Each structure stands twice: as C-alpha cells, then as structure tokens.
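See below for the structure under consideration.
It should be emphasised that the depicted structure is a prediction, and the values quoted were computed from it without experimental measurement.
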Amino acid sequence: MAPVQPPVNVWAYKPWWCQPWSILATGWGAIAASWWLFHRYWLTIVVALPLLAWMVFFVILWPRLMQSSGLLDQLAANPMAANPVTANPVTANPVTANPVTANPVTANPSTRNPETLDPETVENAESEEI
C-alpha cells in the first residue's frame, strides 16, 4: 500500500508578501486607515469594497481554484517545475541555450570578419576549415 501524502499547501509556493496574513493585514489596514484619516462612511465603503473583493479572491477563491486544477499535485510531483528557469537553465532561454548558433553571423566560420577577432582565434578557425 502506498503511503498517504499530506495535501499540498498552496501557500508554500507564494512569497511572504502574498501569504494570507499579509493580504489580510494589508487589506484591513487600508480600510482602517481610510476611516482613521477621513471619518467618512461613504469613502471607507468605496475603499473597502474592492479591497474586500481582493482579499476574498486571494485568500479563499484562488487557493480552491489551484487545488481543484490539479496544478499543485503536479508541482508536488516535480518541484523544479514551479520555476521554468531553474527547471532547466540551459533550455529556458533559446538565445542563451547555444550562444554560437544564436547569432547566424558567428555560427558560420566563413562569414566571420578576421579583423574583429584576435589572431589566435583566426589561426584556429583557418586550421579547422582546411
């Protein structure tokens, strides 16, 4: 029987400033600041409505959507897939994957300008062509 793995925590893949406590602290702090500064119900409501929608989405809905999408299970199986750059740094950027063939002028030795290369490189290139 395979061991039962605990469910993947959606917050494990988010930075500190995107954790539930920081989202709630920022939202409630902004709502409280609007009341503290202006003492106007209508202004506090105008500030509170989009912030409450933002907090509900990122603290309640987004984690549920991530869990139901199956993406967290894929990340748990392959943690390096969370960051495509660290997953395979060579192939993450096709330009830097092969610096010689990235520039068609330098890829073909016959099109190189010998005046722009150092003499040792020119000698090596000429000996390779023969």
### Message
Nearest 0.5 angstrom please: Leu72 CG to Gln67 CD, how far?
### Response
5.0 Å
### Query
Ser34 side chain to Ala48 main-chain N or O, any donor-acceptor pair under 3.5 Å?
no
### Message
Applying a strict under-4.5 Å side-chain criterion to I, L, V, M, F, W and Y, I'd like to know whether Trp42 and Leu37 cluster together.
### Response
yes
## Note on the structure
Scanning both residues in full, the closest heavy-atom pair of Met66 with Ser69 reads O-OG, 2.9 Å
### Query
Quick one: do Val47 and Leu49 end up in the same hydrophobic cluster if we chain Ile, Leu, Val, Met, Phe, Trp and Tyr together by side-chain heavy atoms under 4.5 Å apart?
no
### Query
Roughly how far, to the nearest 0.5 Å, is the CD1 atom of Ile45 from the CZ atom of Arg40?
13.0 Å
### Task
Count the heavy atoms belonging to other residues, nucleotides or ligands that lie under 6.0 Å from CH2 of Trp21, then report whether that count exceeds 12.
yes
### Task
Please name the pair of heavy atoms, one in Lys14 and one in Gln19, separated by the smallest distance, quoted to 0.1 Å.
O-NE2, 2.8 Å
### Task
Could you pull out the closest heavy-atom pair between Ala30 and Leu51, with the gap in Å?
CB-CD1, 3.5 Å
### Query
Is a donor on one side and an acceptor on the other found under 3.5 Å between the side chain of Ser68 and the backbone of Leu65?
yes
### Message
Please report the interatomic distance CZ(Phe57) to CD1(Ile60), rounded to the nearest 0.5 Å.
### Response
11.5 Å
#### Entry: Approximate separation, where rounding is to 0.5 Å, of Ile31 CD1 and Trp28 CH2
5.0 Å
### Message
Less than 6.0 angstrom separating the ring centers of Trp54 and Trp62, yes or no?
### Response
no
#### Entry: Trp35 versus Tyr41, closest heavy-atom pair with distance
CZ3-N, 3.7 Å
### Task
Locate the shortest heavy-atom distance separating Trp11 from Cys18; write the atom from each residue and the value.
CZ3-O, 3.3 Å
### Heavy-atom pair with the smallest gap, counting every atom of Phe38 and Leu43
CD1-CD2, 3.2 Å
